[in-house]
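Some notes on the structure that comes next.
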Amino acid sequence: MRIGQGYDVHRLKEGRKLILGGVEIPYEKGLLGHSDADVLIHAVMDALLGAAALGDIGQHFPDTDDAYQGISSIELLKEVGRLLRERHYQIENIDATIIAQKPKLAAYRPKMAENMALALGIKAGQISVKATTEEGLGFTGRGEGIASQAIALLTEAANY
């Protein structure tokens, strides 16, 4: 078994869509970034890549490459899934937490898990998405940004 952890953070900015787990969330601000800035998926990708000792998303999808400008993070997650399958890794489970003061995310969490599972070719039940606030503390508590943390467990498929 192999375990990896991921973390990502992006600043909130007016005039951007808020995308989390591939779900567009109605909100007055969105996350600023080179891609769609989906902090949840970025943390999950880093956890998966880390568990497989394949580096991080900056290595695979650099923000200096125009090919990734505005790209859906779901598409990047599909590529991470392909890299894992190519190396005979199976995803056992993913546990992720979104850290945001606002908006409330409980209603969107099942669809986030479903979107990521579909992109990775696994069951939605293998992905847990949670959300929490920081009780008004720090940059997330002040509504300046959103962060996410993720942990992933992989096993190597035998007898290929």
Side-chain angles (χ1 to χ4, degrees), residues 1-10 16-27 30-63 65 67-100 103-134 140 145-160:
M1 289 193 184
R2 301 175 65 101
I3 191 166
Q5 65 91 31
Y7 175 81
D8 195 37
V9 60
H10 284 277
R16 295 267 304 188
K17 292 180 180 179
L18 178 58
I19 310 291
L20 294 169
V23 177
E24 186 174 338
I25 312 290
Y27 192 57
L31 294 168
L32 183 60
H34 187 69
S35 66
D36 63 5
D38 188 328
V39 294
L40 173 59
I41 290 181
H42 292 183
V44 166
M45 288 190 299
D46 265 347
L48 292 167
L49 290 167
L54 293 174
D56 62 24
I57 62 173
Q59 271 179 264
H60 294 272
F61 315 109
D63 63 7
D65 189 334
Y68 304 117
Q69 179 70 41
I71 195 168
S72 166
S73 294
I74 287 285
E75 295 307 312
L76 303 179
L77 183 62
K78 288 177 184 177
E79 176 62 15
V80 169
R82 187 192 66 75
L83 290 170
L84 295 176
R85 285 187 302 279
E86 195 174 79
R87 288 160 178 81
H88 310 296
Y89 287 112
Q90 295 176 329
I91 300 168
E92 295 297 330
N93 75 302
I94 297 166
D95 186 24
T97 303
I98 304 165
I99 305 157
K104 295 296 183 191
L105 300 171
Y108 304 100
R109 293 180 350 209
K111 183 63 175 167
M112 292 175 191
E114 181 182 313
N115 287 346
M116 291 187 290
L118 186 62
L120 291 167
I122 62 176
K123 297 175 185 169
Q126 291 174 266
I127 301 177
S128 172
V129 177
K130 304 178 299 292
T132 190
T133 70
E134 290 197 302
T140 58
I146 295 177
S148 186
Q149 299 176 349
I151 298 173
L153 182 65
L154 303 180
T155 54
E156 291 182 73
N159 303 321
Y160 269 94

Between Leu31 and Val39, is a side chain to side chain contact (heavy atoms under 4.5 Å, CB included) present by the stated rule, with each step listed?
-> CA-CA 8 Å; Leu31 294 168; Val39 294; 4.0 Å; yes
Evaluate the side chain to side chain contact (heavy atoms under 4.5 Å, CB included) criterion for residues Met116 and Val129: first the C-alpha distance (whole Å), next the side-chain angles of each, then the deciding distance (0.1 Å), finally the verdict.
-> CA-CA 10 Å; Met116 291 187 290; Val129 177; 3.7 Å; yes
For the pair Leu49 and Val80, evaluate side chain to side chain contact (heavy atoms under 4.5 Å, CB included) and give the outcome as yes or no after the intermediate values.
-> CA-CA 7 Å; Leu49 290 167; Val80 169; 4.2 Å; yes
Could you walk me through whether Leu54 and Arg87 pass side chain to side chain contact (heavy atoms under 4.5 Å, CB included), step by step?
-> CA-CA 10 Å; Leu54 293 174; Arg87 288 160 178 81; 3.3 Å; yes
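Remark: the His60 side chain and the Glu79 side chain contain no N/O donor-acceptor pair separated by less than 3.5 Å.
Although no hydrogens or angles enter the test, the distance criterion places no donor-acceptor pair under 3.5 Å between the side chain of Arg109 and the main chain of Lys130. A side-chain donor-acceptor contact under 3.5 Å links Gln126 to the backbone of Ile91. Using modelled atom types, no side-chain atom of Asp8 and backbone atom of Ser148 make a donor-acceptor pair closer than 3.5 Å. Looking only at distances, no side-chain donor or acceptor of Asp36 sits under 3.5 Å from a matching main-chain atom of Gly70. Listed for the Arg82 side chain is no donor-acceptor partner under 3.5 Å among the backbone atoms of Lys78. Of the possible polar contacts, one joining the His10 side chain to the Leu32 backbone as a donor-acceptor pair under 3.5 Å is found. Glu75 places no side-chain N or O within donor-acceptor distance of the main-chain N or O of Ser72, the cut-off being under 3.5 Å. Checking side-chain atoms of Asp46 against main-chain N and O of Ile57 turns up a donor-acceptor pair under 3.5 Å.
Atom CG in Leu120 sits 7.5 Å away from atom CG in Leu84 (nearest 0.5 Å). Distance check: Phe61 CZ to Ser73 OG gives 9.5 Å after rounding to the nearest 0.5 Å. The CG atom of Asp65 sits 12.0 Å away from the OG atom of Ser35 when rounded to the nearest 0.5 Å. Note that CG of Leu20 and OH of Tyr108 are 10.5 Å apart. Values are rounded to the nearest 0.5 Å. The distance from the CG atom of Leu105 to the CE atom of Met112 is 5.0 Å, given to the nearest 0.5 Å. Atoms CD1 and CD, from Ile3 and Glu92 in turn, are 12.0 Å apart once rounded to the nearest 0.5 Å.
Here the closest non-hydrogen pair linking Ala53 and Arg2 is CB-NH2, 3.4 Å. Counting all heavy atoms, side chain and backbone alike, Gly22 lies closest to Ile41 at N-CD1, 3.7 Å. The two atoms that bring Ala37 and His42 nearest to each other are CA-CE1, 3.9 Å, heavy atoms only.
Within 6.0 Å of NZ on Lys104 lie no more than 12 heavy atoms contributed by other residues, nucleotides or ligands.
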